[in-house]
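Scope of the values below: all heavy atoms of this structure, side chains included, with no hydrogens, waters or symmetry mates. Both ligands and their constituent atoms are indexed starting at 1 by order of listing.
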Amino acid sequence: MTTLERRARRIVLLGHPVAHSLSPVFQNAAIAAAGIAAHYEAVDVTPEAFAAAFSSLRDADGAGNVTVPHKAAAYAACDMRTAVADRVGAVNTFWVEDGRIIGDNTDVEGVRAAIAALGFESLRRVRIAVLGAGGAAAAVLEAVRGEESAVRIWSRSAARGEALLARSDVPLIALTSDSGAACEGADLVVNATPIGLSGEAFPVAPDRLAPSTRVLDLAYRRVGTTPWVTACREAGLRTEDGLSMLVAQGAAAFRRWFGTEPDLDVMWEAVRQERDGSVVGGS
Ligand code: NAP
């Protein structure tokens, strides 16, 4: 049996809430384009119900994604994890092999692709400000691992920031409680907080950023883009929102499940068509 035949079935996205997710839209488009007999489905699972729901996928030979707020719980519940998932401490992609749930973290590939879309040919010694200290921030640190990048992290909670620092092996790293100070002299600023998913707030004012700074907002909206990306564009800065990361992490997951390359143009076309939809987004 080929990987593709073995995995031809129901693929789930476990999250809470999850109805807003764009993942079913572009994954099902790519699955259909590849002629695979599978269906990708978002399933709302509360934190209380997560452990049982996830474990039941072991017997069902399941595969899928995990999103907010379950990535750390999925990490703990997997039977085996990739080295990348171990370093990030979170799982966003899983599948079953020989009755064991394997967990991976394709958000890291998503971050790398989004940074490449901003025109960085290399991250070697790039100065980066990371706003936020949760799972997405950990994926950014993993993406720059070994690059000798200088990283400043802004975290509103000192304890969470210190926990992220403690598990990172990025050598030149510092923590600050001032988002503007974190961005001073940065080549790249990454918003890894949910600020911008809804409402009009900015993680940092665009006038605190130098004209040469490139901006990556991991948040995205189904309609248009985030207020911060809009304001940074108006200030003349080069920007990307979270859609480029979303599609790239999904493409990497598709490769894990089906052992074949998804059609990225089909994925992007499906995402663009959905831009007439509703309000907020996460993976
Ligand atoms: P997370 O683990 O909950 O971490 C969120 C971080 O943001 C925490 O450090 C949190 O601080 C901080 N934060 C939350 N609200 C804040 C506020 N109002 N002001 C300042 N800091 C705030 O979440 P995550 O999984 O890292 O996700 C973060 C963002 O990345 C979300 O917008 C998510 O949608 C996005 N994301 C996008 C993709 C994609 O494919 N585009 C993939 C993954 C994540 P506290 O600990 O103090 O609450």
query = Looking only at distance, does Arg160 have an N or O less than 3.5 Å from an N or O of ligand 1?
reply = yes
Per-residue contact class, Arg156 against ligand 1 - non-hydrogen pairs under 4.0 Å = side chain
task = Determine the interplanar angle of the Phe50 and His70 rings, folded into 0 to 90°, and report it as parallel if under 30°, tilted if 30 to 60°, perpendicular if over 60°.
result = parallel
ask   = Between Val88 and Asp107, is any pair of side-chain heavy atoms under 4.5 Å apart?
value = no
query = If we ignore angles and hydrogens, is there a donor and acceptor under 3.5 Å between the side chains of Thr226 and Asp241?
reply = no
note = Between the CZ atom in Phe94 and the CZ atom in Arg58, the distance rounded to the nearest 0.5 Å is 11.0 Å
ask   = So, does Arg256 use its side chain to make a donor-acceptor pair with the main chain of Ala63 at under 3.5 Å?
value = no
Heavy-atom proximity to atom 5 (C) of ligand 1, best of Ala219, Gly132, Ala192, Ala137 = Ala192
query = When only distance counts, is Ala133 in polar contact with ligand 1, meaning an N/O pair under 3.5 Å?
reply = yes
ask   = Evaluating non-hydrogen atoms only, which member of Thr193, Ile153, Leu218 is closest to atom 29 (C) of ligand 1?
value = Thr193
task = Could you tell me whether Ile195 approaches ligand 1 through its side chain, its backbone, both or neither, with non-hydrogen atoms closer than 4.0 Å?
result = side chain
ask   = Would you say ligand 1 has an N or O under 3.5 Å from any N or O of Ser155?
value = no
remark   = Here the atoms of ligand 1 under 4.0 Å from any heavy atom belonging to Ser157 are 47 (O)
inquiry  = Using a 3.5 Å cut-off on N or O atoms only, is Leu197 in polar contact with ligand 1?
reply    = no
